[in-house]
Trainee: 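Just passing along the structure, written as structure tokens.
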Amino acid sequence: MPALSLFGRRWLISGDDVCFPAVQLATFHLVWCITLSIWLVQAAKVVEPCDSKPYYVGVVGSTLATCALSIVLEPAIAFYSSRGGMFETRRRSPALEWCIYADLLMSAFRVCVTGYGTRVLYAHPGGCLGDVDSSFSFSLEACYRAMLWSMWAMVGGLVCFCVLVYNWFPDFDDPSAWVRQFEYWSNWLCCVTGTRREVRESFRRMGELFGMVFGHVDLVPTDVITIFWLAMLRQRVFRLEEMMAVGKDDGEGDVEEGWDGGRHGAPARLDSRTILSAEFDAKSGIDSRGLVGLGSEGSDSVGVEHVVIDEVAYYMRYAFAAYGWMLYVWAHPGSGVAKLCCGDSCRMCIDCASGIDGRPNGRNAKYLNREAILKTSGLEPHDLLHVQLEGDGKGVLPYFIGLDHAKKKLIIAIRGSLSFDDVVCDLKFDPVGIDEWLGSASSAVPGPSIMHSTRPTSHLAHRGIFEAAKATMASIAATGVVKKYLGIHPDYDILVCGHSLGAGCAFFVGMYLKQSHPTLRCISYSPPGGLVSRDLAVPAADWCISTVCGKEWIPRLTLSTIERVRDEMVHLGIHCKMSKAKLFLSWMCGYLWSDEDIFHAEGALPEENARWLESYRQHVDAAATQTLRQSLLPAFDFHPPGRILYLRPTGETSAMTKRPWESSKKIIMQRKFVCEWTTGDRLVSNGILLSGRMMRDHFPNQSLAILRVLASGDGAAGPRKRKTKAATNSL
């Protein structure tokens, strides 16, 4: 919903976010109301002369009064906060704001009382109060101290909360506010390489792009999380219904449990056709079916030859090895560090012990990555020809070059995203022309300066990834390794591979080198979806294979799919009739709702929600005519390169095993995958699949494990935990 407005400023919370903090504070104050009431009753029994008693009684009485008023105000805040849906602010305002102002006033008065009470504690020791004889032990002075410190702790918590939700850039619909926000972060993120001017310019451009895409509606972080969760469930239910209709499961594996046994005894159907109107679909160019994104990706019926699966699985180890020691330790958490430090000659350990002038030896990182590459790729030390570390060249992605004698290949493997510099590179998604760079492939130095897409050009690419590929290609050419060893082994071919960002970079490097080495091949594992224009992506099918694993999101991520997910999420939020508090409580209690309970019908939107929807449409229409968006239009038609090899989860499982330390209801199932050919058009048209696996399926170790199992002839891969009634009965 729109952000909560207090003291003339938008905060990073919405009105329905304060329900749970209000309940927690009310519980805290109720406990102390009871405790302080007992304290006053027990203090009245003290008959010995005590000069400090009036001070203590005054502080406790004042604190009790403020707590009592807060007990009235905070339940009222929780009540008003839980009213209406996320965008129904009129059902909460202005009563909610006035209750918050009143409670803040009580808190300010309580701070004054607590401060005075702290002074009383040290200026007038309360030892004369003594211990009161009663049926239970009750020290008045100890209780008084506990009250003071708990009140100070509560005040500190409120201050921290206010700092966290303070909105430094409250104008969500002002493009300049987005630019200022990103410029602000550029001043603090010192881990980004480059000159101060270059970093600031990069972040300024990202601020413009993010403002164009996300500056249309007033949402706070909790709104985004909640709507994302609703959209994920909605997509999942729709996919399961579609696949159950044809007797298939999408691999999520929660059909039997998690949607049965709801209030209506049936799965909650979050149907996009009741949420998105046909008028807005036609107006904004949204494909409702594409928003849902079926898991089959519209694959070709032609099967994948086993030799192709073997080849893709074989070279995946090089793409994984390019990540160096970090992913090796991740894949071997128990023994990875020891194996790398010892290596074949314990060189790393010796250098760590010797050092230079008491400082760590700078060569350690090189040895560590070299050992990880050797162990992961299976290359012999003399076949690892060159290792490029991060930071060795400006804008150059880490990579290595090696010789695979078994396949007669010269391998160039490029690392994917693993640093903040890589993330910045990924976010520079405006299009640039690459014609002149490709035309310079026969020269020694790769190409002239990058030109912007406004110049007439036939080939366009993702700016950030192309810049990285251009710098990486220059580094590869400068080493002279490729030319030297292809001269020694003239019958060897070049194979370029990489994962994620490295996959996109590998495609550009391969496209550049292919002009002088026609037999070159490229395998891009999980490449970015918005990489190149169609006229580059489609012809590359002859020499480039791109893999997509399950529901991973990076190969489906383009400007068009981002806007489609944004539209879907905004529409779900506007049509939602329940507050986030009610949604969260129903989820905690396992209570399921039908779509009629959660969402307003398209023709029955409340007046306020209808205004928000119309305002959103107007913002989207206005943004469509902006100069920035016009310059980005070619990027909306970008695709992943080459022929797409889709690793699709079948929903079936292999043999089940039970861990001895787990209960009988918990079993292990191996997910099964099949390989299918598809195209970049079909992949992008289905949109981003919102799922709990969208990030996990993108990890290179996941793809490596699945491909190895598929190459072995078994379709099962990737252990996953699943509990079903049928499986439990079979045990």
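Since the structure is predicted, the reported quantities are computational estimates derived from the model, not experimental observations.
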Trainee: Parallel, tilted or perpendicular: which fits the ring planes of Y101 and W98, with parallel below 30° and perpendicular above 60°?
Mentor: perpendicular
Trainee: Go through the steps to decide whether V220 and I13 satisfy the test side-chain contact (heavy atoms from CB on, under 4.5 Å), and finish with yes or no.
Mentor: CA-CA 6 Å; V220 298; I13 56 170; 5.6 Å; no
Trainee: Hey, is the main chain of R90 close enough, under 3.5 Å, to the side chain of E608 for a donor-acceptor pair?
Mentor: yes
Trainee: How close do E97 and L4 get, counting heavy atoms only, and between which atoms?
Mentor: OE2-CD1, 3.9 Å
Trainee: Under 4.0 Å between a Lys/Arg side-chain N and an Asp/Glu carboxylate O for R10 and D218?
Mentor: yes
Trainee: Answer yes or no: are there more than 12 heavy-atom neighbours, outside F169 itself, under 6.0 Å from its atom CZ?
Mentor: yes
Trainee: Please confirm whether the backbone N or O of I574 pairs with a side-chain atom of N609, one donor and one acceptor, at under 3.5 Å?
Mentor: yes
Trainee: Assess the residue pair H639 and D681 against the criterion (side chain to side chain donor-acceptor pair (under 3.5 Å)); give the C-alpha distance rounded to whole Å, side-chain angles, the decisive distance to 0.1 Å, and a yes or no.
Mentor: CA-CA 7 Å; H639 293 83; D681 282 333; 2.5 Å; yes
Trainee: Tell me the closest heavy-atom pair linking I465 and P528, and the distance in Å.
Mentor: CD1-CG, 3.5 Å
Trainee: Evaluate D16 against S82 for side chain to side chain donor-acceptor pair (under 3.5 Å), listing each step before the verdict.
Mentor: CA-CA 6 Å; D16 56 350; S82 61; over 6 Å; no
Trainee: Would a distance-only check, ignoring hydrogens and angles, find a side-chain to backbone donor-acceptor pair under 3.5 Å from Q24 to P21?
Mentor: no
Trainee: Could you please spell out the steps behind the side-chain contact (heavy atoms from CB on, under 4.5 Å) verdict for L689 and M694?
Mentor: CA-CA 7 Å; L689 307 185; M694 61 187 296; over 6 Å; no
Trainee: So, does R556 use its side chain to make a donor-acceptor pair with the main chain of E552 at under 3.5 Å?
Mentor: yes
Trainee: What are the two closest heavy atoms between L557 and I562, and how far apart are they?
Mentor: CD1-CG1, 3.4 Å
Trainee: Treating S546 as the side-chain partner and P527 as the backbone partner, does any N or O pair qualify as donor plus acceptor under 3.5 Å?
Mentor: no
Trainee: Report yes or no: does D697 contribute a side-chain atom to a donor-acceptor pair with the main-chain N or O of G550 at less than 3.5 Å?
Mentor: no
Trainee: Just by modelled atom types, is the S417 backbone N or O under 3.5 Å from a matching donor or acceptor in the S500 side chain?
Mentor: no
Trainee: What are the two closest heavy atoms between S107 and L158, and how far apart are they?
Mentor: OG-CD1, 4.2 Å
Trainee: When you look at T226 and D223, which way does the side chain to side chain donor-acceptor pair (under 3.5 Å) test go after all the steps?
Mentor: CA-CA 5 Å; T226 303; D223 294 332; 5.8 Å; no
Trainee: Looking at D637 and P634, would you say the former's side chain and the latter's main chain have a donor-acceptor pair under 3.5 Å?
Mentor: no
Trainee: Should the pair D597-K577 be classified as a salt bridge under the 4.0 Å nitrogen-to-oxygen rule?
Mentor: no
Trainee: If you compare all heavy atoms of H462 against all heavy atoms of C425, which two are closest, and at what distance to 0.1 Å?
Mentor: CE1-O, 3.4 Å
Trainee: Starting from the C-alpha separation in whole Å, work towards a yes-or-no answer on side-chain contact (heavy atoms from CB on, under 4.5 Å) for K582 and S586.
Mentor: CA-CA 6 Å; K582 289 183 178 179; S586 63; over 6 Å; no
Trainee: K580 and T222: which non-hydrogen atoms are nearest, and at how many Å?
Mentor: CE-OG1, 3.5 Å
Trainee: Identify whether the distance between the nearest side-chain nitrogen and carboxylate oxygen of E563 and R629 falls below 4.0 Å.
Mentor: yes
Trainee: Does F429 have more than 12 heavy atoms from other residues, nucleotides or ligands lying within 6.0 Å of its CZ?
Mentor: yes
Trainee: Using the ring of each side chain (for Trp, its six-membered ring), is F87 parallel, tilted or perpendicular to W612, with breaks at 30° and 60°?
Mentor: perpendicular
Trainee: Please state whether the rings of W11 and Y166 are parallel, tilted or perpendicular, taking 30° and 60° as the class boundaries.
Mentor: perpendicular
Trainee: Apply side chain to side chain donor-acceptor pair (under 3.5 Å) to the pair S533 and D535, showing each step before the final yes or no.
Mentor: CA-CA 6 Å; S533 53; D535 56 352; 2.5 Å; yes
Trainee: As a quick check of understanding, evaluate side-chain contact (heavy atoms from CB on, under 4.5 Å) for R682 and I644, giving each step before the final call.
Mentor: CA-CA 10 Å; R682 291 173 178 173; I644 310 299; over 6 Å; no
Trainee: Taking 4.0 angstrom as the limit, do E614 and R611 come out as a salt bridge?
Mentor: no
